[in-house]
*Asks:* 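Structure in structure tokens, see below.
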Amino acid sequence: MLDLAQLNLAQLNLVPLSQLELRQLCYFLTIVANGNNFSRAAEQLHIEQAPLSQRIRALEKRLNVELFDRRHRPVQLTPAGDVFRHHLQSSLAQLQQAIEQAQRTARGELGVLRLGMASSVANSILPDILRQFRDRYPFVTLELHELTAQQQIQALHDRQLDIALEAFPPLADSDTNWKQQVIAQESLVLALPIDHPLATQAQIPLRAIAQEPIILPSLSAFPFYHAFITACIDAGFQPQVVQTTTATWLLTILGMVVAGMGIAVLPSNVLTVQRQGILYREIADLTLTREISALWNADHGSIVLDNFLAILLQ
């Protein structure tokens with residue numbers, strides 16, 4: 001059995017690639033491409049025929065193989081030369097592909113973008129952004145992760161996400177590890193059962209829901225809703241929150257409304273969701289808006305992310 005630890009490459013008569021000149025290999029293929037005609041190949045390469053022949057002789061000596069049968073006119077490839085041509089063309093094609101792939105990766109045309117978001121973002125601004133990015137960078141793999149705000153921040157910290165989109169609280173001035181940019185604003189609306197008494201009004205005053213059972217997403221998962229409770233208190237009442245849910249899909253919360261468990265306060269992007277048994281109404285005197293922002297690591301070093309940010313923040 002062959003002992004790889006004691007293998008002597010010189011005994012196998014192998015030629016180290018470092019001893020082969022790429023120019024010699026290209027000269028060889030140019031001759032082959034010109035019908036094994038050294039004269040035409042020399043003209044194409046803008047060199048004299050004699051130096052070209054010397055280069056090929058040096059290559060044959062280095063390989064210890066005759067590549068051309070010079071006994072005949074026109075010169076022909078030997079069987080060994082033909083095998084060498086076949087594998088050399090394949091290898092150079094792979095080298096060219098490696099160069100092109102490396103260049104495209106350096107431009108951010110290849111790679112992976114790991115994006116975190118909540119369903120409300122996926123239901124509003126995200127589709128248009130992804131469409132633009134996909135049109136411009138069709139070969140970048142998009143990994144979408146639906147997570148709560150806290151989960152997204154943790155995933156960014158652990159370098160499991162490249163960027164996150166959610167209603168994040170503003171960063172502290174001292175926090176230089178992150179970059180944040182507001183990318184959209186949206187108001188809040190009420191989702192009511194179709195037969196609810198308030199459904200007859202086009203706009204519902206905030207105080208009109210003072211005695212209504214209210215369904216809210218989990219305050220720990222969606223801290224923005226603390227601001228809604230504060231707005232209710234400022235309006236003179238404590239909201240009757242009967243249910244908080246960790247559900248991140250709007251359809252789950254809407255199902256709870258249809259079931260008669262209460263009315264829901266949701267971002268206005270829910271208006272794009274048609275659900276049987278549900279009506280949406282604006283809140284007449286609520287000026288509270290929900291700011292959607294992008295959050296990413298300041299030292300990310302990703303060209304793919306830079307390209308995504310160029311589209312997102314344009």
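One-based numbering along the sequence shown. Remember, it's a predicted structure, so these values are computed and weren't measured experimentally.
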*Asks:* Could you tell me the separation between the CZ atom of R85 and the CG atom of N36, rounded to the nearest 0.5 Å?
*Replies:*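 Atom-to-atom, R85:CZ and N36:CG are 9.5 Å apart.
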*Asks:* For side chain to side chain contact (heavy atoms under 4.5 Å, CB included), just list the numbers for L25 and L59, CA-CA rounded to whole Å, side-chain angles, deciding distance to a tenth of an Å, and then say yes or no.
*Replies:* CA-CA 8 Å; L25 303 178; L59 176 61; 4.1 Å; yes
*Asks:* For D299, which residues count as a salt bridge (charged side-chain N to carboxylate O under 4.0 Å, His left out) partner, sequence neighbours excluded?
*Replies:* R159
*Asks:* Who are the salt bridge (charged side-chain N to carboxylate O under 4.0 Å, His left out) partners of R107, not counting sequence neighbours?
*Replies:*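 Residues passing salt bridge (charged side-chain N to carboxylate O under 4.0 Å, His left out) with R107: E109.
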*Asks:* Under the side chain to side chain contact (heavy atoms under 4.5 Å, CB included) rule, what do L92 and L22 come out as? Steps first, then yes or no, please.
*Replies:* CA-CA 10 Å; L92 290 181; L22 184 59; 3.9 Å; yes
*Asks:* Rounded to the nearest 0.5 Å, what separates atom CZ in R104 from atom CD1 in I303?
*Replies:* 15.5 Å
*Asks:* In Å and rounded to the nearest 0.5 Å, what is the CD1 to CE distance from I214 to M261?
*Replies:*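 The CE atom of M261 is 14.0 Å from CD1 of I214, to the nearest 0.5 Å.
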*Asks:* Would you check if H87 and V83 make a side-chain contact, meaning some heavy-atom pair closer than 4.5 Å?
*Replies:* yes
*Asks:* Taking only residues two or more places apart in sequence or in another chain, which ones pass salt bridge (charged side-chain N to carboxylate O under 4.0 Å, His left out) with R281?
*Replies:*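 Applying salt bridge (charged side-chain N to carboxylate O under 4.0 Å, His left out) to R281 gives none.
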*Asks:* So, the side chain of Q180 versus the backbone of L171: is there a donor-acceptor pair under 3.5 Å, distance only?
*Replies:* yes
*Asks:* With sequence neighbours excluded, tell me which residues meet side-chain contact (heavy atoms from CB on, under 4.5 Å) with T30.
*Replies:*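 T30: side-chain contact (heavy atoms from CB on, under 4.5 Å) contacts with N34, A41, Q44, L45.
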*Asks:* Going by heavy atoms in the side chains, are I153 and H157 under 4.5 Å from each other?
*Replies:*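 No. Closest side-chain heavy atoms not under 4.5 Å.
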*Asks:* Does any part of the side chain of Q238, heavy atoms only, come nearer than 4.5 Å to the side chain of I233, both counted from C-beta?
*Replies:*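 They are in side-chain contact.
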*Asks:* Which class fits the ring pair F28 and F84: parallel under 30°, tilted 30 to 60°, perpendicular over 60°?
*Replies:* tilted
*Asks:* Does CD belonging to E48 count more than 12 external heavy atoms closer than 6.0 Å?
*Replies:*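 It does not: E48 CD has 12 such atoms or fewer within range.
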*Asks:* Nearest heavy-atom pair of C232 and P239: which atoms, and what distance?
*Replies:* CB-CD, 3.6 Å
*Asks:* Would you call L130 and L144 a side-chain contact if the rule is heavy atoms closer than 4.5 Å?
*Replies:* yes
*Asks:* Listed by chain and number, what are the salt bridge (charged side-chain N to carboxylate O under 4.0 Å, His left out) partners of D285, not counting sequence neighbours?
*Replies:*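 Per chain and number, D285 pairs via salt bridge (charged side-chain N to carboxylate O under 4.0 Å, His left out) with no residue.
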*Asks:* Which heavy atom of L156 sits nearest to which heavy atom of L161, and what is that distance?
*Replies:* CD2-O, 3.6 Å
*Asks:* Does any part of the side chain of L288, heavy atoms only, come nearer than 4.5 Å to the side chain of F224, both counted from C-beta?
*Replies:*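 The answer is yes; the side chains approach within 4.5 Å.
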*Asks:* How would you list, by chain and number, every residue that makes a side chain to side chain donor-acceptor pair (under 3.5 Å) with R73, sequence neighbours excluded?
*Replies:*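 R73 satisfies side chain to side chain donor-acceptor pair (under 3.5 Å) with no other residue.
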*Asks:* Supply the atom-to-atom distance E100 CD to L95 CG, rounded to the nearest 0.5 angstrom.
*Replies:* 10.0 Å
*Asks:* Do L88 and V65 belong together in a cluster built from hydrophobic side chains that touch within less than 4.5 Å?
*Replies:* yes
*Asks:* Could you walk me through whether L254 and V270 satisfy the side chain to side chain contact (heavy atoms under 4.5 Å, CB included) test, starting with their C-alpha distance in whole Å, then the side-chain angles of each, then the deciding distance to 0.1 Å, before giving a yes or no?
*Replies:* CA-CA 9 Å; L254 295 179; V270 74; 4.1 Å; yes
*Asks:* Once side-chain contact (heavy atoms from CB on, under 4.5 Å) is applied, do any residues pair with L313, and if so which ones, sequence neighbours excluded?
*Replies:*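 Result, side-chain contact (heavy atoms from CB on, under 4.5 Å) vs L313: Q181, I183, W296, L309.
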*Asks:* Does any non-hydrogen side-chain atom of W178 lie less than 4.5 Å from one of N297?
*Replies:* yes
*Asks:* As a test of understanding, state which of I263, I215, L279, L190 forms a side-chain contact (heavy atoms from CB on, under 4.5 Å) with V257.
*Replies:* I215
*Asks:* Could you walk me through whether L165 and L312 pass the side chain to side chain contact (heavy atoms under 4.5 Å, CB included) check?
*Replies:* CA-CA 11 Å; L165 307 179; L312 180 68; 4.0 Å; yes
*Asks:* Among residues two or more places apart or on two chains, list those pairs meeting side chain to side chain donor-acceptor pair (under 3.5 Å) that have a residue in residues 264-277.
*Replies:*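 Only N123-N269, N123-T272, E186-N269 qualify under side chain to side chain donor-acceptor pair (under 3.5 Å).
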*Asks:* Which heavy atom of Q240 sits nearest a heavy atom of A210, and at what distance?
*Replies:* CG-O, 3.4 Å
*Asks:* Using the test side-chain contact (heavy atoms from CB on, under 4.5 Å), find all partners of I311 that sit at least two apart in sequence or belong to another chain.
*Replies:*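 side-chain contact (heavy atoms from CB on, under 4.5 Å) check on I311 returns Q132, F133, R136, Y137, Q314.
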*Asks:* Between M256 and I209, is there a shared hydrophobic cluster once you connect ILVMFWY residues whose side-chain heavy atoms come closer than 4.5 Å?
*Replies:* yes
*Asks:* Do other residues, nucleotides or ligands put more than 12 heavy atoms under 6.0 Å from H226 NE2?
*Replies:*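 Yes.
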*Asks:* If you group Ile, Leu, Val, Met, Phe, Trp and Tyr by side-chain heavy-atom gaps below 4.5 Å, do I292 and F228 land in one group?
*Replies:*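 Different clusters.
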*Asks:* Using the side chain to side chain donor-acceptor pair (under 3.5 Å) rule, collect all pairs that involve residues 189-203, keeping only residues at least two apart or in two chains.
*Replies:*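 Only H196-E212, Q203-E282 qualify under side chain to side chain donor-acceptor pair (under 3.5 Å).
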*Asks:* Write down the atom of Y280, the atom of V273, and the distance for their closest heavy-atom approach.
*Replies:* OH-O, 2.7 Å
*Asks:* Looking only at the side chains, is there a donor atom on one of Q154 and Q150 sitting less than 3.5 Å from an acceptor on the other?
*Replies:*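 No pair is found: no donor N or O on one side chain lies under 3.5 Å from an acceptor on the other.
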*Asks:* With the 4.5 Å side-chain cut-off for hydrophobic clustering, are F308 and M117 part of the same group?
*Replies:*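 Same hydrophobic cluster.
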*Asks:* What heavy-atom pair brings F38 and Q49 nearest, and what distance separates the two atoms?
*Replies:* CB-NE2, 3.7 Å
*Asks:* Can you list the residues that meet the side-chain contact (heavy atoms from CB on, under 4.5 Å) rule with Q94, with sequence neighbours excluded?
*Replies:*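 Partners of Q94 by the side-chain contact (heavy atoms from CB on, under 4.5 Å) criterion, ordered by chain and then number, come out as S90.
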*Asks:* How close do P217 and V265 get, counting heavy atoms only, and between which atoms?
*Replies:* CD-O, 4.3 Å
*Asks:* Following the transitive rule for hydrophobic clusters with a side-chain heavy-atom cut-off under 4.5 Å over Ile, Leu, Val, Met, Phe, Trp and Tyr, establish whether L110 and L113 coincide in one cluster.
*Replies:* no
*Asks:* With the side chain counted from C-beta on, respond yes when P74 and N37 share a heavy-atom pair under 4.5 Å apart, and no when they do not.
*Replies:*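 Not touching, per the 4.5 Å side-chain cut-off.
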*Asks:* Which distance, rounded to the nearest 0.5 Å, do you find between the CD of Q160 and the CD of Q152?
*Replies:* 12.5 Å
*Asks:* Hey, does the side chain of E60 reach the backbone of L67 with a donor-acceptor pair shorter than 3.5 angstrom?
*Replies:* yes
*Asks:* A side-chain contact here means heavy atoms from C-beta on lying under 4.5 Å apart; do L52 and I31 qualify?
*Replies:*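 The answer is yes; the side chains approach within 4.5 Å.
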*Asks:* Tell me the salt bridge (charged side-chain N to carboxylate O under 4.0 Å, His left out) pairs involving residues 161-171, sequence neighbours left out?
*Replies:* R114-D162, E166-R290
